[in-house]
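One structure below.
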Amino acid sequence: MSEPLILAAQSGAVRTLTLNRPAALNSLTAEMHAELRAALDAAATDTGVRCVVLTGAGRGFCAGQDLNDPAIGAGPSGAPDVGGVVARLYKPLALRVRSMPVPVLAAVNGVAAGAGANLALGCDIVLAARGASFIQAFSKIGLIPDCGGTWLLPRLVGRAHALALALTGDKLSADDARALGLIWQVVDDAQLMDSAQAMAQRLAAMPTKALAQTRRALDESLALDYASALDLEARLQGELGHGHDFAEGVAAFREKRTPTFSDR
Ligand code: T3D
């Protein structure tokens, strides 16, 4: 029997998903897309999951689209159907990550290139091993950034750096990515998974629903004027105010104890 393309492991309320095609730097085939989407859907519906960690097996995180995958190359006419691939596979993947009901942490263990870089950057918190790197490899093969790259990059690092990264396709070290504000933190290679698990366990103990709504409010605010963002805050805060977690958080504060959150 062949190895799963996505490995899933559970530790407490943390589900770790590992992209598992190390010989091809975990580049994404159509089959792998299907397994990854299924694994994310399963984590989203499992109430025992309160944080997801996404990482890669071997020396790479993900080298983007598998450029050898025959299932992806050509459309019905025989001509390349790159737009169809992006619409059918990358858009739903990017939206799935961004709409998870729990925080998603990328533990970038090695090179993250093309859609693999943007898959990581679309996660809520990005931790990288010092030896990892980020490459907007698209321009080298005549494409534009996809998997959310055109939206994410300018918002993360501003137009000047976004455009230079996308036009040149230059490799950015983890430390430089951190210095630009592209990612959250860099840790020594040997510490990556321990640091990621520690951060994930911490997030898993937090009020999950409030974390998911925080992501939503920040994302939606980018298309809103100030007054509309304030309206959105009032609406989401109103919903959260009726939840168990708010009552529990306030009670725990008053009673000087650790809260136990359960909303999802
Ligand atoms: O339909 C569509 O295409 C639309 C969707 C587009 C989304 C995209 O992601 S487009 C961008 C696709 N990705 C790339 O262009 C990156 C290609 N890879 C590289 O440039 C390099 O591999 C890296 C810079 C990422 C790493 O370089 P290095 O020197 O550390 O490793 P390597 O020797 O190049 O790669 C190791 C193996 O992985 C090698 O296989 P081999 O020779 O040992 O059998 C290499 O062919 C394989 N590999 C790496 N990336 C891919 C890949 N195989 C298939 N597809 C890849 N993307």
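Start at 1 and go down the list; that is how both ligands and their atoms are numbered.
- The side chain of R59, and not its backbone, has at least one atom closer than 4.0 Å to an atom of ligand 1 (non-hydrogen atoms only; side chain from C-beta on).
- Taking distance alone, with nitrogen or oxygen atoms compared against 3.5 Å, F138 stays at or beyond that limit from ligand 1.
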What donor-acceptor contacts under 3.5 angstrom involve side-chain atoms of residues 152-172, with partners at least two apart or in another chain?
unit_1	atom_1	unit_2	atom_2	d
R155	NH1	W151	O	3.2
T168	OG1	A164	O	2.7
T168	OG1	D170	N	3.1

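- For ligand 1, the polar-atom distance check against Q65 finds a nitrogen or oxygen pair separated by under 3.5 Å.
- Using a 4.0 Å cut-off between heavy atoms, I141 contacts ligand 1 through its side chain alone, with no backbone atom that close.
- At least one heavy atom of A23 sits closer than 4.0 Å to an atom of ligand 1.
- With a 4.0 Å cut-off on non-hydrogen atoms, L67 touches ligand 1 through its backbone as well as its side chain.
- Using a 3.5 Å distance cut-off with no hydrogens or angles, the side chains of E233 and S221 do not pair a donor with an acceptor.
- Using a 3.5 Å distance cut-off with no hydrogens or angles, the side chains of Q201 and S11 do pair a donor with an acceptor.
- Contacts of F246 classified as ring pair (Phe, Tyr, Trp, His ring centres under 6.0 Å), with partners at least two apart in sequence or in another chain: none.
- No chain of hydrophobic side-chain contacts below 4.5 Å, direct or via other Ile, Leu, Val, Met, Phe, Trp or Tyr residues, connects V14 to V52.
- In this model, no donor atom of one side chain and acceptor atom of the other lie less than 3.5 Å apart for R264 and T47.
- Residue contacts with ligand 1: A115 is placed with a nitrogen or oxygen under 3.5 Å of a nitrogen or oxygen of the ligand (distance criterion only).
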